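Beneath this line is the structure, given in structure tokens, with notes to follow.
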Amino acid sequence: MSPQLFNARFGRLIGAGLLACSLAAVTAGCSKSEAPAEKPSAEQIPESATEYKPENLEKEAPMADKAAPESGVDYHSFANTNDYLVKHVDFDLTADFDNKVLSGQAILDLKVLNSKNKPLVLDTRDLDIKAVRAGIGSDLKPVKFSLGKVDPHLGTPLKINLPKGANKVAIEYQTSPGASGVQWLEPQQTAGKKHPFLFTQAQAIHARSFIPLQDSPKARVTYKATIHTPKDLRAVMSANNDPDAEMDGVFEFEMPQAIPSYLIAIGIGNLDFKPMGERTGVYAEPELLEAAAKEFEDTESMLEATEENFGPYRWDRYDLLILPPSFPFGGMENPRLSFITPTVIAGDKSLVALIAHELAHSWSGNLVTNASWRDLWLNEGFTTYLTNRIMQFVYGDDRYKMEMALGYDDLKADLDDREDKDEIMAIDLRGRDPDEVFSNIPYEKGSLFLYELEQKVGRENFDKFLLDYFNHFAFQSITTEDFVKYLNNTLVKQYPDKVDAERINQWIFEPGIPEGAPHPQSDAFTKLDPIRQQWLNGESKASDIDTSGWTFHQWKYFLDGMPEKLSEEQLKELDETFKLTQSKNNEIAFSWLMIAVRNDYEPANARLEDFLVSIGRNKFLRPLYRNLVENGKTDEAKRIFEKAKPGYHPLTVKVNSKIIYGD
């Protein structure tokens, strides 16, 4: 989740993204091999099989050089969704912790969209396809299949020749140990240190690394699953979980609502459950369970407040799964069971905006979904806007204003660091890894756009618009153009003197922040500016600053507003007064370590190394590694990275390898 599947704001909340998701946004990739896949054996493809030619597919889908991407086309899937739609997946998988593979079978129910009897094309990545059967109903027989050429971003297309009228396909397969969407953790990488752990992260296009399917957000499926585990471990999924299920090594799940593939998720570990409310609870290792349940005890209140304002919660339960620290994102919005990093368990609920964000995805993202990764802002912009509103419902106006102001600052920082083409909400991602979409642009620019609409038409009217929007597009995947058409037929028609199409297009299809856009601010922050400046000028001592009652948000604002360079004396004074190097709040520690790295503050070196080794969240890792490299400490970055790499997620390894080694 997610995911990712992320820099400043996304990491604090999430996506998504992310990844998923998932979410401070990280330009994450996958750790898949880019070598061509081995050709299927003779047993896999009969001699009469026609070899799949990827160039034929490229003519149907893809990567043509056009002035603008075609609306509704998913440039990151090989699947021929115009010929077939997979409507349901039934899979049975065994988790082999010794060999780090999932093996078993996936059965796909097909809706045939034309009578041409074309081959079915699915998405895969590093899967060992052992056998394929197809037919009508339960009458399935072996059929010809072949794997195409490996694409460095998309994986490998799987072509299956279907008998006429076939509506079901069964695929026997096994994942690779390095599957980009699966992380296998050794016992020492978990909180309890006694049992291994597995979790998947499918956003953006990593579901294809553990299930052969149409890995596109516009293709929604229901699913049933049977997961086989060691008998001392519990499996959970983005489905109907039973905390009282017998620990016999076999767990069964069902997701009755149609979801996109990136929301299929599996977690396996030494997990206990604790309820937090009538419809909410938390799964976690026993060592983290009580702290997590206490930290996130307001989740039920968040759910109720969101329902009251934006319509019913349609997923039955909303539970949390607390993952080990190597999870690369803040959270991932897997329906019914959000995956959450333990780095937000601060002991004071200061970082629970992340929970609000993942919950908000139950309306924006999971219920109404982007049709392609070009349209991610429809997921994350709406979700970020809703997150701020949820925080206001539960924690009041001051918290709301601080969240909004920090989000605006994060957006401005991201805009200063990006090319114009990457500042567009409906971004052109053709020929690129879709994980590159995750930045503050879809999150914070999307949210700011919605905030401007709210300001123009009034909150009550805008809330009605959102309620109608979620109901109108419920359980659908839509494009940016679908949204614009809906907006033109609603708010633009209802308030022609306040909302106009030209301004909407400027927000969505042009870079930067439009002139005259709202600038959220908070008095809780502006009053810190003179306090910081007086200390910098030597007019006061750090011990003179009254920090009693400061929130995490104020600490972050205070530290992030420091100049690039501070003297050794200033660093020592701050650290000794406020114990920043020892801070238990990971957000505060991160802001302080960024200052320490660029100023070569040696007393923080041990904490920096421990931080980078013990946490896998890319929202923190990516800026810190980049900071080390930019400040002439590449050798130190390499040493720590190589030490930490065995415990990192494949996405984390890929994105930070690029920073450290330039590959």
Side-chain angles (χ1 to χ4, degrees), residues 6-11 24-29 31 325-326 328 343 409-410 412-419 422 436 439-440 532 535-536 542 555-576 578-583 586-649 651-663:
F6 301 104
N7 62 20
R9 175 65 166 180
F10 178 61
V26 66
T27 305
S31 64
S326 62
T343 64
D409 289 347
D410 289 343
K412 290 289 289 183
D414 227 8
L415 290 171
D416 291 341
D417 195 36
R418 292 188 174 271
E419 300 179 43
D422 289 340
E436 293 182 23
S439 75
N440 279 311
R532 184 197 304 111
W535 177 76
L536 288 169
W555 275 110
K556 178 176 172 57
Y557 182 85
F558 179 74
L559 292 173
D560 289 351
M562 290 291 176
E564 284 291 309
K565 295 298 179 182
L566 294 173
S567 69
E568 184 73 17
E569 292 75 17
Q570 288 174 317
L571 293 163
K572 185 177 180 181
E573 183 184 357
L574 284 175
D575 198 12
E576 290 183 349
F578 302 123
K579 311 301 180 189
L580 294 170
T581 298
Q582 287 77 41
S583 175
N586 286 305
E587 290 281 0
I588 296 174
F590 167 72
S591 290
W592 172 245
L593 291 173
M594 289 290 286
I595 293 172
V597 168
R598 67 175 181 257
N599 288 278
D600 198 22
Y601 180 60
E602 291 188 7
N605 286 351
R607 176 68 194 281
L608 171 67
E609 181 168 340
D610 179 69
F611 193 87
L612 290 169
V613 170
S614 62
I615 291 176
R617 190 175 171 188
N618 267 314
K619 181 264 176 119
F620 298 140
L621 301 187
R622 182 169 169 251
L624 282 169
Y625 278 124
R626 177 182 289 145
N627 204 3
L628 282 166
V629 171
E630 291 177 349
N631 284 277
K633 301 176 182 179
T634 302
D635 289 344
E636 183 69 0
K638 290 178 180 178
R639 183 187 66 79
I640 297 174
F641 180 71
E642 291 301 326
K643 177 181 177 180
K645 189 163 65 172
Y648 284 164
H649 189 278
L651 304 181
T652 304
V653 172
K654 173 122 187 204
V655 69
N656 290 291
S657 290
K658 289 181 179 179
I659 293 170
I660 297 168
Y661 296 104
D663 52 19

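All values below were derived from every heavy atom in this structure, side-chain atoms included, with hydrogens, water molecules and symmetry-related copies excluded. Numbers for residues simply follow the sequence, beginning at 1. Everything numeric in this text was worked out from a predicted model, so none of it was measured.
Between F620 and F590, the ring planes are tilted. Angles from 30° to 60° get that label. Using cut-offs of 30° and 60° on the angle between ring planes, the pair F558 and F578 is perpendicular.
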Problem - Working for side chain to side chain contact (heavy atoms under 4.5 Å, CB included), residues Q570 and L536 - result: CA-CA 8 Å; Q570 288 174 317; L536 288 169; 4.1 Å; yes
Exercise for the section: Evaluate the side chain to side chain donor-acceptor pair (under 3.5 Å) criterion for residues N599 and N631: first the C-alpha distance (whole Å), next the side-chain angles of each, then the deciding distance (0.1 Å), finally the verdict. Expected result: CA-CA 9 Å; N599 288 278; N631 284 277; over 6 Å; no
Exercise for the section: Walk me through it: do I595 and L574 pass the test side chain to side chain contact (heavy atoms under 4.5 Å, CB included)? Expected result: CA-CA 11 Å; I595 293 172; L574 284 175; 5.9 Å; no
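Legend: residues meeting side-chain contact (heavy atoms from CB on, under 4.5 Å) with T581, ordered by chain and number and at least two apart, are D575, W592, Y601, A604, R607. With sequence neighbours excluded, the residues that form a side-chain contact (heavy atoms from CB on, under 4.5 Å) with D422 are R418, I427, R432.
In the displayed structure, E419 atom CD is contacted under 6.0 Å by at most 12 heavy atoms of other residues, nucleotides or ligands.
The nearest pair of heavy atoms linking L628 to L608 is CD2-CD2, 4.1 Å. Across every non-hydrogen atom of Y625 and A644, the tightest pair is OH-CB, 4.3 Å. Counting all heavy atoms, side chain and backbone alike, A589 lies closest to F611 at CB-CE1, 4.1 Å.
Checking side-chain atoms of N440 against main-chain N and O of D414 turns up no donor-acceptor pair under 3.5 Å. Listed for the K654 side chain is no donor-acceptor partner under 3.5 Å among the backbone atoms of H649. In this structure, N627 contributes its side chain and P623 its backbone to no donor-acceptor pair below 3.5 Å. At least one donor-acceptor pair under 3.5 Å links the side chain of R598 to the backbone N or O of E564. For K633 (side chain) and V597 (main-chain N/O), a donor-acceptor pair under 3.5 Å exists by modelled atom type.
Contact of the N656 side chain with the N618 side chain is registered, since non-hydrogen atoms from C-beta on lie closer than 4.5 Å. Looking only at side-chain heavy atoms (C-beta outward), E587 and K619 come within less than 4.5 Å of each other. Counting heavy atoms from C-beta outward, F641 and L621 have side chains that stay 4.5 Å or more apart. Here the side chains of D409 and D560 are not in contact, with every heavy-atom distance at 4.5 Å or above. With contacts defined as side-chain heavy-atom distances shorter than 4.5 Å, the pair L580/L559 qualifies. Using a 4.5 Å cut-off on side-chain heavy atoms (C-beta onward), M594 and L624 make contact.
The CD atom of E609 sits 10.5 Å away from atom OG of S614, with the distance rounded to the nearest 0.5 Å. The distance from atom NZ of K579 to atom CD1 of I588, rounded to the nearest 0.5 Å, is 15.0 Å. Annotation: the span from S591 atom OG to M562 atom CE amounts to 11.0 Å, rounded to 0.5 Å. Rounding to the nearest 0.5 angstrom, the gap separating the CD atom in E642 from the CD1 atom in I660 is 8.0 Å.
A salt bridge does not link E569 with K572: none of the charged nitrogens is closer than 4.0 Å to a carboxylate oxygen.
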